[in-house]
Structure formats: structure tokens, C-alpha cells
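Just below is one structure, and these are the notes that go with it.
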Number of protein chains: 2
Amino acid sequence: MITLSDYIEDYLKKLLAVAPGQYVEIQRSELAEKFQCVPSQINYVLSTRFTPERGYLVQSRRGGRGYIKVMRIDPLYQKIWEELQKQLYSAAEKEYGCEMVKLRDFLMRLYEERLISRREAEIIGSVMREDIFNGLKIGSKEKNELIKRLVSNMLKAVLQEGSM
Amino acid sequence: MITLSDYIEDYLKKLLAVAPGQYVEIQRSELAEKFQCVPSQINYVLSTRFTPERGYLVQSRRGGRGYIKVMRIDPLYQKIWEELQKQLYSAAEKEYGCEMVKLRDFLMRLYEERLISRREAEIIGSVMREDIFNGLKIGSKEKNELIKRLVSNMLKAVLQEGSM
DNA sequence: ACTGGTTTGACCTTTACTGACCTTCGTAAT
DNA sequence: ATTACGAAGGTCAGTAAAGGTCAAACCAGT
């Protein structure tokens with residue numbers, strides 16, 4: 001099942017692919033018109049699919065001559081590990097812990113950056129699911145710590161192994 | 001006696017038989033409607049009849065435009081799956097559960113038979129360690145179940161993706 | 001009666017989409 | 001310069017549309 005948001009995401013990615021430079025500039029209302037949706041849906045797509053975790057940055061300007069600029073973030077190979085740790089231990093401190101969704105987004109980015117293969121992404125991703133704890137009596141603090149360790153370990157394993 | 005679940009199972013299998021590709025996509029509520037049952041019965045059928053043991057995998061997405069995808073898996077991979085389950089649930093009953101050593105042996109075999117790459121073996125292996133639980137208050141029964149689920153999920157991920 | 005598979009429904013989580021209302025900023029009129 | 005207007009884009013809460021979970025009730029065969 002493909003949603004409208006998926007189409008819009010696709011469209012933007014295709015634009016990015018052929019764009020000279022690492023960015024594209026669009027008009028929100030124009031795009032909304034093109035896809036026959038309300039303008040705020042564009043924001044929805046941007047905020048759910050073009051996040052930093054997925055390797056994108058969005059800038060915009062309001063008012064007359066306003067625009068939205070979508071950029072790809074550079075690969076930053078060295079920083080990958082740090083970024084992961086930040087992911088794991090930022091929201092983590094708020095007691096509610098690392099959000100699986102964000103983690104998976106980050107994973108997909110590693111895949112898109114070709115640091116890991118599709119299969120590797122799936123393998124690692126299979127651990128980032130709330131439902132692995134279903135029916136098990138485990139405290140949420142423990143759940144969280146476990147996820148962090150597992151993901152860290154797995155990533156460490158690939159990063160140590162070198163190129164795929 | 002033939003139950004409703006049997007009919008639903010049949011129906012899905014027939015769909016799969018004529019489907020181009022090794023999968024079918026359905027809407028849970030639609031199917032429930034067709035068979036005049038509650039939606040959750042579809043989950044029941046899927047979880048009891050379309051398991052990896054029987055050669056199937058199920059993926060899904062929630063929310064608007066959600067769907068359920070039922071896939072066939074390759075017989076070769078199915079064998080592997082069964083072996084893993086045997087590994088996980090044989091010694092498992094002896095309270096101390098799946099021995100990591102045995103699991104690692106199994107992993108190595110997968111690698112030697114070229115079903116997984118070296119990197120994949122490293123990733124999966126990084127989870128098969130007692131020390132991931134160090135200092136965490138988790139019952140040994142839970143630890144055990146968790147390891148099984150994690151390993152199963154990871155292998156499932158490989159099955160889904162097919163040959164490397 | 002017991003047992004195990006089946007069926008159901010109440011409640012939950014996730015995702016997509018919409019619309020009313022708000023903020024920002026260029027620019028044309030004063 | 002100042003102001004007023006209009007043309008962007010932003011926010012957020014609400015609605016709807018999926019699918020997931022779990023435990024209780026319900027049979028059927030022994």
C-alpha cells in the first residue's frame with residue numbers, strides 16, 4: 001500500500017537525485033497543488049521522512065518569496081559512531097528512552113550511505129522493535145539499556161569489520 | 001471439523017498460488033469482512049498457520065493505508081529455520097537454556113555454507129553473549145526467551161531478504 | 001470433566017491526513 | 001521611513017484509518 005506521503009517523498013528524492021548540488025528548493029503550496037493535498041501535508045512528509053536521522057536537513061523562509069530547501073547531509077563517516085551514541089543516550093535520559101522509530105531511521109540512513117548492506121540493516125533492525133519484549137516481565141529501564149547495548153554491539157561489530 | 005480459520009488459511013494459500021511473486025498483500029479488515037469475523041481472527045490465522053515453520057513470513061504496517069503482507073520462504077531457508085528452532089528450544093528446557101556455544105556453532109555453519117556473510121555473522125554473534133545482560137535485573141527465564149527472540153528475529157530478517 | 005484449538009471483543013499503538021489559526025517577511029502605498 | 005497588505009510557510013490538535021495484543025469465553029473431541 002502506497003500512501004500519498006510516499007509519493008511525495010519519492011518525488012522529492014528524485015528531485016534531489018538529479019539536482020546539481022546537494023539540495024532542492026520548492027514552494028510548499030505549489031507542491032501541495034501538484035499532489036492535490038493541503039499544504040500542511042508537505043510539512044508532514046518533511047518532518048517524518050526528511051529528518052536528520054535519515055540524513056536530511058530542511059530550511060525554509062516564510063513570507064513573500066518564501067521557499068523550502070531540502071538538503072542531504074554529508075556522509076560524515078567518522079561521526080557515525082558518535083551520532084549513534086547521541087541517538088541512544090539523548091532521549092534516553094528522559095527516562096522514556098531511545099525511540100525505536102528514530103533508531104530505525106538512523107539505520108536506514110547507514111544503509112543509504114552504503115555503510116551497511118540491506119540485509120545487515122534488516123538484521124540489526126529486527127532487534128529494534130518493542131514487541132521483542134511482549135509478555136516478558138522486564139522493567140522499562142532494563143529494556144532500554146538492553147536495546148542500547150545490542151545496537152551498540154552490533155554496530156561496533158560492523159564498524160570493526162570494515163568495508164562490506 | 002473444518003473451522004473458519006481453515007477456510008481463511010485456504011483462501012490465503014490460493015491467493016498465494018496465483019500471485020505473481022512470492023507474496024500477497026491484504027487488508028486485515030477487508031478480509032475479516034469477507035469472512036464475517038472479527039479482525040483479530042486474521043491475526044490468529046496468520047500466527048498459527050503462516051509461521052516460518054510452515055514456510056511463511058508476515059510483515060505489516062499500521063495506520064492509514066496499512067496492510068499485511070504474507071510471503072513464502074525458500075525451502076532451503078526454511079530448513080535452516082527449523083534447525084535454529086531446534087537449537088533454541090531443545091537444550092532450552094534444561095532451565096539454563098540455549099547454550100551460546102551451540103548457537104555460535106550454528107552461526108559459523110551458516111557462514112561456512114555461505115548463507116550469511118562474515119559481517120553478518122559478526123553482527124548476529126554480537127548478540128549471542130551472556131554479558132549483554134550484565135548488571136541488569138532480568139530473570140533468567142526472561143533472558144532466555146529474549147535471546148531466542150532476538151536470534152530468531154535476526155534470522156527471520158535474513159530469510160526475508162533472500163540470498164546475499 | 002478436561003484439554004486444546006478457536007473465536008471474540010475491549011483496548012492500544014501507529015500512521016496518515018486535515019484545517020483552523022499563527023508567524024514571518026517582501027513590497028507597494030503613503 | 002512607516003505602514004499595511006498579501007503571500008508565503010509553521011504549528012498543533014484533532015480525526016480517521018489501519019493493524020496489534022491479550023485474556024476471556026467458547027466449543028469439540030476425548
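Chain letters run A, B, ... following the sequence lines, proteins first, then strands; residues in each count from 1. Keep in mind it's a predicted model, so treat the numbers as computed, not measured.
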Go through the steps to decide whether A:K13 and A:E9 satisfy the test salt bridge (Lys or Arg N to Asp or Glu O under 4.0 Å), and finish with yes or no.
CA-CA 6 Å; A:K13 285 189 171 161; A:E9 178 187 4; 2.9 Å; yes
Check the pair A:V45, A:L4 against side-chain contact (heavy atoms from CB on, under 4.5 Å), reporting the backbone distance first and the verdict last.
CA-CA 9 Å; A:V45 173; A:L4 217 208; over 6 Å; no
Test side-chain contact (heavy atoms from CB on, under 4.5 Å) on A:M154 and B:V127; report intermediate values, then the result.
CA-CA 7 Å; A:M154 289 188 291; B:V127 171; 4.0 Å; yes
Checking B:R49 against B:D6 for the side-chain contact (heavy atoms from CB on, under 4.5 Å) test, could you report, in this order, the C-alpha distance in whole Å, the side-chain angles of both residues, the deciding distance, and whether it holds?
CA-CA 9 Å; B:R49 278 113 149 132; B:D6 293 329; 2.5 Å; yes
Can you check side-chain contact (heavy atoms from CB on, under 4.5 Å) on A:F133 and B:L146, steps first, answer last?
CA-CA 7 Å; A:F133 296 116; B:L146 219 37; 3.9 Å; yes
Step-by-step side chain to side chain donor-acceptor pair (under 3.5 Å) determination, A:E122 to A:S117:
CA-CA 9 Å; A:E122 292 295 336; A:S117 72; over 6 Å; no
Using the 3.5 Å cut-off, write out each protein N or O paired with an N or O of nucleotides 17-20 of chain C and the distance between them.
{"from": "C:dC17", "atom 1": "OP1", "to": "A:L4", "atom 2": "N", "distance (Å)": "3.3"}
{"from": "C:dC17", "atom 1": "OP2", "to": "A:S5", "atom 2": "N", "distance (Å)": "3.0"}
{"from": "C:dC17", "atom 1": "OP2", "to": "A:S5", "atom 2": "OG", "distance (Å)": "2.6"}
{"from": "C:dC17", "atom 1": "OP2", "to": "A:Q41", "atom 2": "NE2", "distance (Å)": "2.7"}
{"from": "C:dC17", "atom 1": "O5'", "to": "A:Q41", "atom 2": "NE2", "distance (Å)": "3.3"}
{"from": "C:dT18", "atom 1": "OP2", "to": "A:Q41", "atom 2": "OE1", "distance (Å)": "3.1"}
{"from": "C:dG19", "atom 1": "N7", "to": "A:S40", "atom 2": "OG", "distance (Å)": "3.3"}
{"from": "C:dG19", "atom 1": "O6", "to": "A:S40", "atom 2": "OG", "distance (Å)": "2.7"}

Would you tabulate the nitrogen or oxygen pairs shorter than 3.5 Å linking the protein to nucleotides 27-30 of chain D?
none

Set out, line by line, the N/O atom pairs under 3.5 Å between protein and nucleotides 28-30 of chain C.
none

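Among pairs with a residue in residues 25-41 of chain A, those fulfilling side-chain hydrogen bond (donor to acceptor under 3.5 Å, both in side chains) read A:S5-A:Q41, A:R28-A:N43, at least two apart in sequence or across chains.
Put simply, the side chain of B:L84 reaches to within 4.5 Å of the side chain of B:L88, judged on heavy atoms. Two residues are said to be in side-chain contact when any heavy atoms from C-beta on lie closer than 4.5 Å; A:R65 and A:R61 meet this criterion.
Shown here is A:Y23, whose OH atom has no more than 12 heavy atoms of other residues, nucleotides or ligands within 6.0 Å.
A:R109 has no carboxylate O lying under 4.0 Å from a charged side-chain N of A:E53, or vice versa, which leaves the two without a salt bridge. A salt bridge does not link B:D131 with A:R149: every distance from a Lys NZ or Arg NE/NH1/NH2 to an Asp or Glu carboxylate oxygen is 4.0 Å or more. Ion pairing between a basic and an acidic side chain is recognised when a charged N comes within 4.0 Å of a carboxylate O; B:K86 and B:E82 show no such pairing.
Atoms OH (A:Y7) and P (C:dA16) sit 14 Å apart, rounded to a whole Å. In this structure, B:E9 places its CD atom 12 Å from P of C:dT7, rounding to the nearest Å. One can place CG of B:L31 at 15 Å from C1' of C:dT7, the figure rounded to the nearest angstrom. Rounded to a whole Å, the CG atom of B:N43 is 15 Å from the P atom of D:dA23. Rounded to whole angstrom, the span from the CD atom of A:E99 across to the C1' atom of C:dT15 amounts to 14 Å. In this structure, CZ of A:R28 is placed 11 Å from C1' of C:dC22, rounded to the nearest angstrom. A:R104 has its CZ atom 9 Å from the P atom of C:dT14, to the nearest Å. Residue B:E33 contributes atom CD, which lies 15 Å from atom C1' of D:dA18 at whole-angstrom precision.
Checked options B:L110, B:I116, B:I124; the residue passing with B:L155 is B:L110 (criterion: side chain to side chain contact (heavy atoms under 4.5 Å, CB included)).
Between the side chains of B:Q160 and A:S126, no donor-acceptor pair is found at a separation under 3.5 Å.
Within a heavy-atom distance below 4.0 Å of DNA chain D, the residues of residues 54-64 of chain A found are A:S60, A:R61, A:R62, A:G63, A:G64. The stretch residues 123-136 of chain A touches DNA chain D through A:D131, A:N134, A:G135, each having a heavy atom within less than 4.0 Å of the strand.
If you check every strand for non-hydrogen atoms under 4.0 Å, A:T48 touches nothing. The residue B:I68 sits close only to the backbone: its heavy atoms come under 4.0 Å of sugar-phosphate atoms, none of a base.
A:Y56 carries A:R72 over the face of its six-membered ring, with the cationic atom under 6.0 Å from the centre and within 45° of the normal.
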